[in-house]
Protein chains: 2
Amino acid sequence: MTPTSALSETFAALGDPTRLAILGRLASEGDMTVQEIARPFAMSLPAVSQHLKVLERAGLISRGRDGQKRPCRLEAARLAETALWFDHTRAAWERRFDRLERFLAAPQSPPASKGEDHEP
Amino acid sequence: MTPTSALSETFAALGDPTRLAILGRLASEGDMTVQEIARPFAMSLPAVSQHLKVLERAGLISRGRDGQKRPCRLEAARLAETALWFDHTRAAWERRFDRLERFLAAPQSPPASKGEDHEP
DNA sequence: TGGATATTTAAGTGATGACTTAAATAAGAG
DNA sequence: CTCTTATTTAAGTCATCACTTAAATATCCA
(Lines give C-alpha, C1' and ligand atoms only; values in the text may rest on other atoms or scores of the structure.)
Protein backbone atom coordinates (compact mmCIF):
# COMPACT_ATOMS: atom_id res chain seq x y z
CA MET A 1 0.00 0.00 0.00
CA THR A 2 2.09 2.84 1.27
CA PRO A 3 5.35 2.83 -0.69
CA THR A 4 8.33 1.78 1.40
CA SER A 5 10.07 5.10 0.85
CA ALA A 6 7.19 7.02 2.45
CA LEU A 7 7.04 4.56 5.32
CA SER A 8 10.72 4.89 6.01
CA GLU A 9 10.43 8.66 5.85
CA THR A 10 7.79 8.50 8.56
CA PHE A 11 9.91 6.20 10.68
CA ALA A 12 12.88 8.49 10.17
CA ALA A 13 10.76 11.37 11.46
CA LEU A 14 10.00 9.30 14.56
CA GLY A 15 13.69 8.55 14.97
CA ASP A 16 14.50 11.62 17.02
CA PRO A 17 13.80 12.05 20.75
CA THR A 18 12.72 15.67 20.39
CA ARG A 19 10.17 14.86 17.69
CA LEU A 20 8.92 11.86 19.63
CA ALA A 21 8.40 14.10 22.66
CA ILE A 22 6.58 16.69 20.53
CA LEU A 23 4.18 14.07 19.22
CA GLY A 24 3.58 12.72 22.69
CA ARG A 25 2.67 16.13 23.94
CA LEU A 26 0.39 16.87 21.01
CA ALA A 27 -1.38 13.59 21.70
CA SER A 28 -2.00 14.18 25.38
CA GLU A 29 -2.39 17.96 25.48
CA GLY A 30 -3.94 18.71 22.11
CA ASP A 31 -3.14 21.35 19.52
CA MET A 32 -0.31 23.71 20.39
CA THR A 33 1.46 26.70 18.90
CA VAL A 34 5.14 26.57 18.03
CA GLN A 35 6.03 28.60 21.11
CA GLU A 36 4.14 26.28 23.41
CA ILE A 37 5.77 23.28 21.79
CA ALA A 38 9.20 24.85 22.10
CA ARG A 39 8.88 25.92 25.74
CA PRO A 40 10.12 22.71 27.45
CA PHE A 41 13.06 22.22 25.10
CA ALA A 42 16.54 23.62 25.55
CA MET A 43 16.83 24.66 21.93
CA SER A 44 16.14 27.66 19.74
CA LEU A 45 12.78 28.35 18.16
CA PRO A 46 14.04 27.78 14.61
CA ALA A 47 15.28 24.37 15.66
CA VAL A 48 11.81 23.44 16.83
CA SER A 49 10.32 24.92 13.69
CA GLN A 50 12.57 22.68 11.63
CA HIS A 51 11.51 19.62 13.60
CA LEU A 52 7.90 20.55 12.94
CA LYS A 53 8.60 20.78 9.24
CA VAL A 54 10.01 17.24 9.30
CA LEU A 55 6.94 15.98 11.13
CA GLU A 56 4.66 17.75 8.68
CA ARG A 57 6.46 16.36 5.62
CA ALA A 58 6.10 12.91 7.14
CA GLY A 59 2.36 13.52 7.49
CA LEU A 60 2.49 13.13 11.26
CA ILE A 61 1.19 16.61 12.02
CA SER A 62 -0.79 19.28 10.19
CA ARG A 63 -0.86 22.99 10.79
CA GLY A 64 -3.71 25.46 10.80
CA ARG A 65 -3.70 29.21 11.07
CA ASP A 66 -5.05 31.27 13.94
CA GLY A 67 -3.90 34.83 13.43
CA GLN A 68 -0.17 34.95 13.81
CA LYS A 69 -0.12 31.50 15.39
CA ARG A 70 0.26 28.21 13.54
CA PRO A 71 -1.36 25.61 15.74
CA CYS A 72 0.02 22.11 15.25
CA ARG A 73 -2.18 19.07 15.38
CA LEU A 74 -1.27 15.42 15.58
CA GLU A 75 -2.37 13.48 12.49
CA ALA A 76 -3.71 10.34 14.10
CA ALA A 77 -4.55 8.85 10.71
CA ARG A 78 -0.94 8.71 9.60
CA LEU A 79 0.02 7.36 12.97
CA ALA A 80 -2.46 4.50 12.60
CA GLU A 81 -1.38 3.90 9.03
CA THR A 82 2.23 3.63 10.15
CA ALA A 83 1.35 1.24 12.95
CA LEU A 84 -0.04 -1.10 10.31
CA TRP A 85 3.48 -1.98 9.24
CA PHE A 86 3.98 -3.76 12.56
CA ASP A 87 0.76 -5.69 12.10
CA HIS A 88 1.75 -6.78 8.61
CA THR A 89 5.21 -7.77 9.69
CA ARG A 90 3.97 -9.73 12.66
CA ALA A 91 1.38 -11.42 10.45
CA ALA A 92 4.05 -12.53 7.99
CA TRP A 93 6.14 -13.77 10.89
CA GLU A 94 3.26 -15.81 12.29
CA ARG A 95 2.33 -17.21 8.92
CA ARG A 96 5.85 -18.55 8.70
CA PHE A 97 5.55 -20.20 12.07
CA ASP A 98 2.27 -21.79 11.12
CA ARG A 99 3.84 -23.29 8.02
CA LEU A 100 6.77 -24.55 10.06
CA GLU A 101 4.52 -26.09 12.68
CA ARG A 102 2.42 -27.86 10.10
CA PHE A 103 5.60 -29.17 8.53
CA LEU A 104 6.97 -30.46 11.83
CA ALA A 105 3.65 -32.06 12.70
CA ALA A 106 3.78 -34.12 9.50
CA PRO A 107 4.81 -37.81 9.97
CA GLN A 108 8.01 -37.47 7.88
CA SER A 109 11.46 -37.14 9.37
CA PRO A 110 12.07 -33.86 11.20
CA PRO A 111 14.29 -31.49 9.16
CA ALA A 112 17.00 -30.73 11.78
CA SER A 113 17.11 -27.00 12.44
CA LYS A 114 20.02 -25.35 10.62
CA GLY A 115 20.81 -22.11 12.45
CA GLU A 116 22.19 -23.09 15.86
CA ASP A 117 23.54 -21.12 18.78
CA HIS A 118 20.97 -18.38 18.66
CA GLU A 119 21.34 -17.16 22.26
CA PRO A 120 24.93 -16.04 22.90
CA MET B 1 9.00 2.18 30.29
CA THR B 2 11.52 2.04 27.46
CA PRO B 3 13.48 5.29 27.60
CA THR B 4 12.69 7.69 24.80
CA SER B 5 16.26 7.59 23.52
CA ALA B 6 16.10 3.81 22.96
CA LEU B 7 12.72 4.14 21.28
CA SER B 8 13.95 6.81 18.93
CA GLU B 9 17.01 4.71 18.15
CA THR B 10 14.72 1.87 17.13
CA PHE B 11 12.60 4.18 14.99
CA ALA B 12 15.75 5.60 13.43
CA ALA B 13 16.77 2.05 12.53
CA LEU B 14 13.40 1.62 10.83
CA GLY B 15 13.86 4.89 9.00
CA ASP B 16 15.73 3.46 6.04
CA PRO B 17 14.15 1.62 3.09
CA THR B 18 16.92 -0.98 2.89
CA ARG B 19 16.60 -1.91 6.56
CA LEU B 20 12.82 -1.98 6.31
CA ALA B 21 13.11 -4.38 3.39
CA ILE B 22 15.56 -6.57 5.30
CA LEU B 23 13.19 -6.87 8.24
CA GLY B 24 10.29 -7.65 5.93
CA ARG B 25 12.21 -10.46 4.36
CA LEU B 26 13.35 -11.87 7.68
CA ALA B 27 9.73 -11.87 8.81
CA SER B 28 8.34 -13.70 5.82
CA GLU B 29 11.26 -15.94 4.88
CA GLY B 30 12.88 -16.65 8.23
CA ASP B 31 16.51 -16.60 9.34
CA MET B 32 19.02 -15.70 6.66
CA THR B 33 22.76 -15.32 6.29
CA VAL B 34 24.34 -11.99 5.39
CA GLN B 35 24.91 -13.14 1.81
CA GLU B 36 21.30 -14.17 1.37
CA ILE B 37 20.15 -10.89 2.82
CA ALA B 38 22.47 -8.95 0.55
CA ARG B 39 21.57 -10.77 -2.67
CA PRO B 40 18.60 -8.62 -3.81
CA PHE B 41 20.28 -5.31 -3.05
CA ALA B 42 22.44 -3.28 -5.39
CA MET B 43 25.03 -2.53 -2.75
CA SER B 44 28.24 -3.98 -1.40
CA LEU B 45 28.37 -6.65 1.28
CA PRO B 46 29.95 -4.33 3.87
CA ALA B 47 27.09 -1.89 3.35
CA VAL B 48 24.60 -4.62 4.20
CA SER B 49 26.72 -5.70 7.14
CA GLN B 50 26.59 -2.15 8.46
CA HIS B 51 22.83 -2.05 8.11
CA LEU B 52 22.64 -5.28 10.08
CA LYS B 53 24.75 -3.79 12.82
CA VAL B 54 22.31 -0.89 13.09
CA LEU B 55 19.38 -3.30 13.30
CA GLU B 56 21.16 -5.36 15.94
CA ARG B 57 22.03 -2.33 18.07
CA ALA B 58 18.39 -1.33 17.89
CA GLY B 59 17.44 -4.79 19.15
CA LEU B 60 15.45 -5.55 16.00
CA ILE B 61 17.51 -8.57 14.99
CA SER B 62 19.83 -11.02 16.72
CA ARG B 63 22.60 -13.11 15.24
CA GLY B 64 23.64 -16.67 15.86
CA ARG B 65 26.62 -18.62 14.61
CA ASP B 66 26.55 -21.55 12.24
CA GLY B 67 30.10 -22.25 11.17
CA GLN B 68 31.30 -19.34 9.11
CA LYS B 69 27.77 -18.05 8.69
CA ARG B 70 26.04 -15.55 10.98
CA PRO B 71 22.34 -16.21 10.55
CA CYS B 72 20.15 -13.18 11.29
CA ARG B 73 16.83 -13.50 13.02
CA LEU B 74 14.07 -10.98 13.44
CA GLU B 75 13.48 -10.05 17.08
CA ALA B 76 9.71 -10.03 17.19
CA ALA B 77 9.73 -9.02 20.85
CA ARG B 78 11.39 -5.68 20.19
CA LEU B 79 9.09 -5.17 17.27
CA ALA B 80 6.04 -5.67 19.48
CA GLU B 81 7.55 -3.48 22.17
CA THR B 82 8.07 -0.70 19.65
CA ALA B 83 4.54 -0.99 18.34
CA LEU B 84 3.33 -0.23 21.85
CA TRP B 85 4.32 3.40 21.39
CA PHE B 86 1.54 3.77 18.85
CA ASP B 87 -0.95 2.23 21.25
CA HIS B 88 0.09 4.54 24.05
CA THR B 89 0.00 7.58 21.85
CA ARG B 90 -3.40 6.72 20.44
CA ALA B 91 -4.68 6.05 23.97
CA ALA B 92 -3.52 9.48 25.16
CA TRP B 93 -5.14 11.02 22.09
CA GLU B 94 -8.44 9.31 22.80
CA ARG B 95 -8.38 10.17 26.47
CA ARG B 96 -8.12 13.79 25.43
CA PHE B 97 -11.15 13.44 23.17
CA ASP B 98 -13.15 11.81 25.92
CA ARG B 99 -12.40 14.69 28.26
CA LEU B 100 -13.36 17.18 25.55
CA GLU B 101 -16.60 15.38 24.80
CA ARG B 102 -17.59 15.27 28.43
CA PHE B 103 -16.85 18.96 28.67
CA LEU B 104 -18.92 19.83 25.62
CA ALA B 105 -21.79 17.68 26.82
CA ALA B 106 -21.94 19.68 30.05
CA PRO B 107 -24.79 22.26 30.18
CA GLN B 108 -22.44 25.29 30.44
CA SER B 109 -21.55 27.53 27.53
CA PRO B 110 -19.43 25.83 24.86
CA PRO B 111 -15.77 26.99 24.95
CA ALA B 112 -15.45 28.22 21.33
CA SER B 113 -12.69 26.17 19.66
CA LYS B 114 -9.50 28.20 19.37
CA GLY B 115 -7.52 26.75 16.47
CA GLU B 116 -9.44 27.50 13.29
CA ASP B 117 -8.72 26.86 9.63
CA HIS B 118 -7.30 23.41 10.08
CA GLU B 119 -7.71 22.19 6.46
CA PRO B 120 -5.79 24.44 4.06
C1' DT C 1 1.68 53.99 10.96
C1' DG C 2 4.75 51.79 14.18
C1' DG C 3 5.77 48.43 17.41
C1' DA C 4 5.35 43.94 19.70
C1' DT C 5 4.55 38.95 18.98
C1' DA C 6 4.73 34.50 16.23
C1' DT C 7 6.99 32.03 12.96
C1' DT C 8 9.99 31.13 9.06
C1' DT C 9 14.04 31.66 5.91
C1' DA C 10 18.96 32.03 5.16
C1' DA C 11 23.38 30.70 5.87
C1' DG C 12 26.81 28.40 8.24
C1' DT C 13 28.95 24.57 11.29
C1' DG C 14 30.01 20.16 13.35
C1' DA C 15 28.32 15.45 13.79
C1' DT C 16 26.29 11.51 11.84
C1' DG C 17 24.86 8.43 8.02
C1' DA C 18 25.12 5.62 3.88
C1' DC C 19 27.90 4.15 1.09
C1' DT C 20 32.70 2.68 -1.29
C1' DT C 21 37.19 -0.27 -1.89
C1' DA C 22 40.87 -2.69 0.23
C1' DA C 23 42.48 -5.45 3.71
C1' DA C 24 41.75 -8.32 7.97
C1' DT C 25 39.65 -12.23 10.48
C1' DA C 26 37.24 -16.74 10.94
C1' DA C 27 36.11 -21.22 9.62
C1' DG C 28 35.35 -25.29 6.45
C1' DA C 29 37.47 -28.36 2.77
C1' DG C 30 41.22 -30.51 0.23
C1' DC D 1 49.06 -25.65 5.27
C1' DT D 2 46.57 -23.49 1.50
C1' DC D 3 42.48 -22.23 -0.90
C1' DT D 4 37.87 -20.73 -0.88
C1' DT D 5 33.81 -18.87 1.42
C1' DA D 6 31.53 -15.78 4.90
C1' DT D 7 31.75 -11.75 7.30
C1' DT D 8 33.83 -7.75 9.45
C1' DT D 9 37.08 -3.79 10.10
C1' DA D 10 39.43 0.25 8.36
C1' DA D 11 39.51 4.33 6.11
C1' DG D 12 37.81 7.65 3.21
C1' DT D 13 34.04 10.38 0.63
C1' DC D 14 29.82 12.85 -0.05
C1' DA D 15 25.19 13.96 1.55
C1' DT D 16 22.07 14.77 5.18
C1' DC D 17 20.97 16.24 9.89
C1' DA D 18 20.49 18.89 14.09
C1' DC D 19 21.52 22.65 15.53
C1' DT D 20 23.03 27.99 15.70
C1' DT D 21 22.49 33.30 14.97
C1' DA D 22 20.79 36.96 12.16
C1' DA D 23 17.47 38.67 9.28
C1' DA D 24 12.95 38.37 6.87
C1' DT D 25 7.88 37.90 6.95
C1' DA D 26 3.25 37.95 8.84
C1' DT D 27 -0.19 39.47 11.95
C1' DC D 28 -2.13 41.81 15.78
C1' DC D 29 -2.71 46.02 18.63
C1' DA D 30 -2.57 50.88 19.88
Side-chain angles (χ1 to χ4, degrees), chain A residues 4-23 25-26 31-58 60-73 114-118 120, chain B residues 4-23 25-26 31-58 60-73 114-118 120:
Chain A
T4 298
S5 57
L7 231 197
S8 64
E9 186 188 4
T10 303
F11 279 131
L14 295 173
D16 177 281
T18 301
R19 290 194 290 264
L20 227 35
I22 290 174
L23 293 177
R25 238 144 56 83
L26 287 177
D31 298 12
M32 299 172 68
T33 69
V34 179
Q35 305 253 27
E36 290 170 330
I37 290 171
R39 190 134 37 223
F41 297 108
M43 87 184 49
S44 72
L45 219 50
V48 172
S49 184
Q50 283 157 19
H51 278 303
L52 293 174
K53 190 187 289 184
V54 172
L55 290 172
E56 187 176 30
R57 289 212 57 196
L60 287 164
I61 66 169
S62 65
R63 296 148 116 163
R65 186 162 286 168
D66 176 23
Q68 40 197 214
K69 301 175 193 161
R70 311 296 283 285
C72 296
R73 168 172 307 179
K114 283 288 202 54
E116 319 289 336
D117 284 31
H118 228 298
Chain B
T4 298
S5 57
L7 232 196
S8 64
E9 186 188 6
T10 303
F11 279 131
L14 295 173
D16 177 282
T18 301
R19 290 195 288 263
L20 229 35
I22 290 174
L23 293 177
R25 239 146 54 84
L26 286 178
D31 299 12
M32 299 173 67
T33 69
V34 179
Q35 305 254 28
E36 289 171 330
I37 290 171
R39 189 134 39 225
F41 297 109
M43 86 184 49
S44 71
L45 219 50
V48 172
S49 183
Q50 284 157 20
H51 278 303
L52 293 175
K53 190 187 290 185
V54 172
L55 290 172
E56 188 177 30
R57 289 212 57 195
L60 287 164
I61 66 169
S62 64
R63 296 147 118 165
R65 187 162 285 169
D66 176 22
Q68 42 199 189
K69 301 175 194 161
R70 310 295 284 283
C72 296
R73 168 172 306 178
K114 284 288 201 55
E116 319 288 337
D117 284 32
H118 229 297

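Sequence lines set the chain letters: A, B, ... in the order given, protein chains first and strands last, and positions in each chain run from 1.
- A donor and an acceptor atom never sit less than 3.5 Å apart when one is taken from the side chain of B:Q68 and the other from the base of D:dT8.
- When all heavy atoms are compared, the tightest approach of A:L14 to A:L20 is O-CD1, 3.4 Å.
- Taking atom CG of A:D16 as the reference point, atom C1' of C:dT16 lies 12 Å away to the nearest angstrom.
- Atoms CZ (A:R70) and C1' (D:dT27) sit 11 Å apart, rounded to a whole Å.
- Mapping A:P46 and B:K69 onto DNA chain D by nearest heavy atom places B:K69 closer to the 5' end of the strand.
- Residues B:T33 and B:D66 fail the side-chain proximity criterion, which asks for heavy atoms closer than 4.5 Å.
- Note: CD (B:E56) to P (D:dT9) measures 10 Å, nearest angstrom.
- No donor-acceptor distance shorter than 3.5 angstrom exists from the side chain of A:R73 to the backbone of A:G64, with no hydrogens or angles considered.
- Side-chain nitrogen and oxygen atoms of B:S49 include at least one within less than 4.0 Å of the OP1 or OP2 phosphate oxygen of D:dT8.
- The phosphate of D:dT20 has OP1 or OP2 within less than 4.0 Å of a side-chain N or O from A:S44.
- At the phosphate of C:dC19, OP1 or OP2 sits under 4.0 Å from a side-chain N or O atom of B:H51.
- Contact annotation: B:R19 reaches the phosphate of C:dA18 (side-chain N/O to OP1 or OP2, under 4.0 Å).
- With hydrogens and angles left out, the side chain of A:Q50 and the base of D:dT20 share a donor-acceptor pair within 3.5 Å.
- Among all heavy-atom pairs drawn from B:R25 and B:E36, the shortest one is NH2-O, 3.0 Å.
- At D:dT9, one or more side-chain N or O atoms of B:K53 fall inside 4.0 Å of OP1 or OP2 (strictly under the cut-off).
- Separating the CG atom of B:L45 from the C1' atom of C:dT25 is a distance of 14 Å, rounded to the nearest angstrom.
- The CZ atom of B:R63 sits 16 Å away from the P atom of D:dA6 (whole-angstrom rounding).
- Rounded to an integer number of Å, the gap from B:E36 CD to D:dT5 P is 16 Å.
- Checked by atom type and distance alone, the side chain of B:R70 never pairs as donor or acceptor with a backbone atom of B:R63 at under 3.5 Å.
- Atom pair A:M32:CE and C:dT7:P shows a separation of 11 Å (rounding to whole Å applied).
- Phosphate contact (OP1/OP2 of D:dC28, side-chain N/O of A:R65, threshold under 4.0 Å): absent.
- Residue B:L52 contributes atom CG, which lies 14 Å from atom C1' of C:dA18 at whole-angstrom precision.
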